[in-house]
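Comments concern the structure below.
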Amino acid sequence: MKAVRAMTALGLAGLLALQTPVCSMAQAEKPETMDDQTWARLQDQVLEYDEIGDRVELYNPTYQQVIQNIQVNIQPYEDAAQTLRGSAKDLMGEASGFKDENKMMYQMYRGYAKGYQEAAKNFEKVAKSIKSSTRSTLNSTRKQLTSGVQQLMLGYYQARASKEMVDTAAQLAQAAYDSAVTRRNIGMATELEVTEAEKSLRSALDGQQTLNDTLTSLHRQLLFMTGWSYDEAVEVGAPPVPNLSEIDGMNPENDLTRAIGNNYTLIAQRGASGKGTANHDAKFRTLDESEMKVKIQLESLYQTVVQNRISYEAARTAMEGARLTMDGNEKKYQLGMLGKLEYLQMKMVYLQQKSAADAAALELVQAMESYRWAVEGLADIS
């Protein structure tokens, strides 16, 4: 009988509230707010720097676990509310059958239905309260993970930027060793020179292997942190280029209000109890000190951006000069005007300059991201 089943709902709701549902991590679905083009890019087996935020939110295992843990606390109340509302609807249907025949039963069933509706509202309020109280934690976790993966990816780009130089260093060491062996065989080099050249070659090859191992390790970590299996065939896209116009828009004085309002440490401090005059005064002293720390850190991060911009522009200018020189050396080598050993030595000079310019660009991007995340609430003032 519907009415009997419905009248057990309140007891069922209480049972649901005590249960801990077992949730499994589902395949991510396209968010309603995401356009088809962005969604397609996320699935194309190429990890781009600007996709990190979306990949973390949809696939990062740590972030998904945090969401799951929150949902574990919310789900029983949502389930209970849904059950109660369904039961209330059944009771209202049963009540309509008594409306003209039995006023007492009609009023009783309607009373039960209203009671269940009120209970459902209470459960929904609890679920809403949990969501509200955990929103700050969830946002902080998402931002910290996104920032962390960005730093990891910038480190990968740094390592990858030096690969050509390290590979060329190995080629140069091999050429120097071969030359030493040839000269020794015709009596123009000593055994000690050959031994030294061999040591240099071993060192260069070890450096090459170390870099390759580092790249493999960083690549696997990137895939794991963005939701892929570590051994999937996923390409890491091109490194970001510093947007100098974004730097022109940075202003620590103007950005301070947002940085203070968004800071998660300050949010927690504002929510802390300050009952009693002494506690109240101590709380506001702490808040004042924390706000000053945010201000100092924001200014420091901005100065780092400014300094790194100067270094970046200088390194880029130097690299352009080195590239022009290298273009000339390439032509000479192709025409047979340079030997292999001499050519590789000149190429190393150019690649050292290029590596320095690439590093300066990535360091500037890193400094800009640190400033931006401080404004978004991640300034470390602990």
Side-chain angles (χ1 to χ4, degrees), residues 31 33-34 38 41-42 47-67 70 131-157 222 225-227 239-272 286-309 312 361-382:
T33 56
M34 182 177 290
T38 300
R41 286 184 70 223
L42 292 179
L47 175 59
E48 303 286 359
Y49 185 81
D50 64 357
E51 296 174 348
I52 290 175
D54 288 331
R55 292 289 314 183
V56 166
E57 188 167 358
L58 292 170
Y59 301 108
N60 179 269
T62 301
Y63 187 67
Q64 294 306 313
Q65 186 63 54
V66 171
I67 293 175
I70 292 171
K131 287 180 181 178
S132 178
S133 65
T134 56
R135 187 175 295 118
S136 178
T137 298
L138 194 59
N139 287 339
S140 175
T141 301
R142 175 177 52 79
K143 290 179 181 180
Q144 288 179 27
L145 285 168
T146 300
S147 175
V149 176
Q150 285 177 340
Q151 297 302 318
L152 183 64
M153 198 161 178
L154 290 171
Y156 175 82
Y157 286 133
L222 278 172
M225 294 294 283
T226 49
V241 177
N243 181 357
L244 301 185
S245 63
E246 182 181 337
I247 300 174
D248 295 335
M250 290 179 178
N251 187 316
E253 187 175 342
N254 294 341
D255 294 334
L256 180 60
T257 300
R258 283 181 59 208
I260 288 174
N262 291 335
N263 189 268
Y264 290 99
T265 301
L266 272 164
I267 289 172
Q269 290 174 350
R270 291 187 202 108
T286 299
L287 287 172
D288 289 342
E289 290 171 2
S290 295
E291 289 180 4
M292 182 56 67
K293 288 179 181 178
V294 172
K295 180 179 181 180
I296 292 170
Q297 185 171 99
L298 198 63
E299 180 61 41
S300 175
L301 291 171
Y302 176 71
Q303 290 304 320
T304 300
V305 171
V306 171
Q307 291 165 10
N308 284 4
R309 178 178 184 171
Y312 164 70
L362 292 169
E363 286 168 7
L364 177 54
V365 171
Q366 188 175 45
M368 292 168 67
E369 292 288 15
S370 295
Y371 180 90
R372 183 173 69 84
W373 283 120
V375 174
E376 289 293 319
L378 298 188
D380 185 7
I381 57 174
S382 55

Residue pair Arg41, Asp50: steps toward the side chain to side chain contact (heavy atoms under 4.5 Å, CB included) verdict: CA-CA 11 Å; Arg41 286 184 70 223; Asp50 64 357; 3.2 Å; yes

Would you say the side chain of [Y] lies within less than 4.5 Å of the side chain of [X], judging by non-hydrogen atoms?
X	Y	answer
Met34	Leu42	yes
Gln150	Tyr49	yes
Leu364	Leu244	yes
Asn139	Tyr264	yes
Ser147	Leu378	yes
Asp255	Tyr371	yes
Ile381	Leu266	yes
Pro240	Leu154	yes

Under 3.5 Å, is there a donor-acceptor pair between the side chain of [X] and the main chain of [Y]?
X	Y	value
Gln64	Glu57	yes
Ser140	Ser136	no
Lys143	Glu376	yes
Gln297	Asp380	yes

[atom2] on [Y] to [atom1] on [X], rounded to 0.5 Å:
X	Y	atom1	atom2	value
Glu289	Lys293	CD	NZ	6.5 Å
Asn308	Met368	CG	CE	10.5 Å
Ile52	Thr146	CD1	OG1	8.0 Å
Asp54	Thr38	CG	OG1	7.0 Å
Asn251	Leu256	CG	CG	10.0 Å
Glu291	Ile260	CD	CD1	4.5 Å

Take Gln303 and Gln307, measure what side-chain hydrogen bond (donor to acceptor under 3.5 Å, both in side chains) needs, and give me the verdict at the end. CA-CA 6 Å; Gln303 290 304 320; Gln307 291 165 10; 4.8 Å; no

Apply salt bridge (Lys or Arg N to Asp or Glu O under 4.0 Å) to Arg142 and list each qualifying residue two or more places apart in sequence or on a separate chain.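 By the salt bridge (Lys or Arg N to Asp or Glu O under 4.0 Å) rule, Arg142 matches no residue at all.
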
Looking at every heavy atom in both [X] and [Y], which two are closest together, and how far apart are they?
X	Y	result
Leu301	Ala374	CD1-CB, 3.5 Å
Ala259	Leu298	CB-CD2, 4.1 Å
Pro242	Ala361	CG-O, 3.6 Å

Listed by chain and number, what are the side chain to side chain contact (heavy atoms under 4.5 Å, CB included) partners of Ile296, not counting sequence neighbours?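 Counting only residues at least two positions away or on another chain, Ile296 forms a side chain to side chain contact (heavy atoms under 4.5 Å, CB included) with Met292.
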
Go through the steps for Arg309 and Asp248 under the test side chain to side chain contact (heavy atoms under 4.5 Å, CB included), then give the verdict. CA-CA 11 Å; Arg309 178 178 184 171; Asp248 295 335; 2.9 Å; yes

Go through it in stages, so that I can follow the logic: the residues are Val149 and Arg55, the test is side chain to side chain contact (heavy atoms under 4.5 Å, CB included), and I'd like the CA-CA distance, side-chain angles, deciding distance and then a yes or no. CA-CA 10 Å; Val149 176; Arg55 292 289 314 183; over 6 Å; no

Between Asn60 and Thr226, is a side chain to side chain contact (heavy atoms under 4.5 Å, CB included) present by the stated rule, with each step listed? CA-CA 5 Å; Asn60 179 269; Thr226 49; over 6 Å; no

Name of the residue among Arg270, Gln269, Lys295 meeting side chain to side chain donor-acceptor pair (under 3.5 Å) with Ser290: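 Going through the options one by one, the only one that passes is Gln269.
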
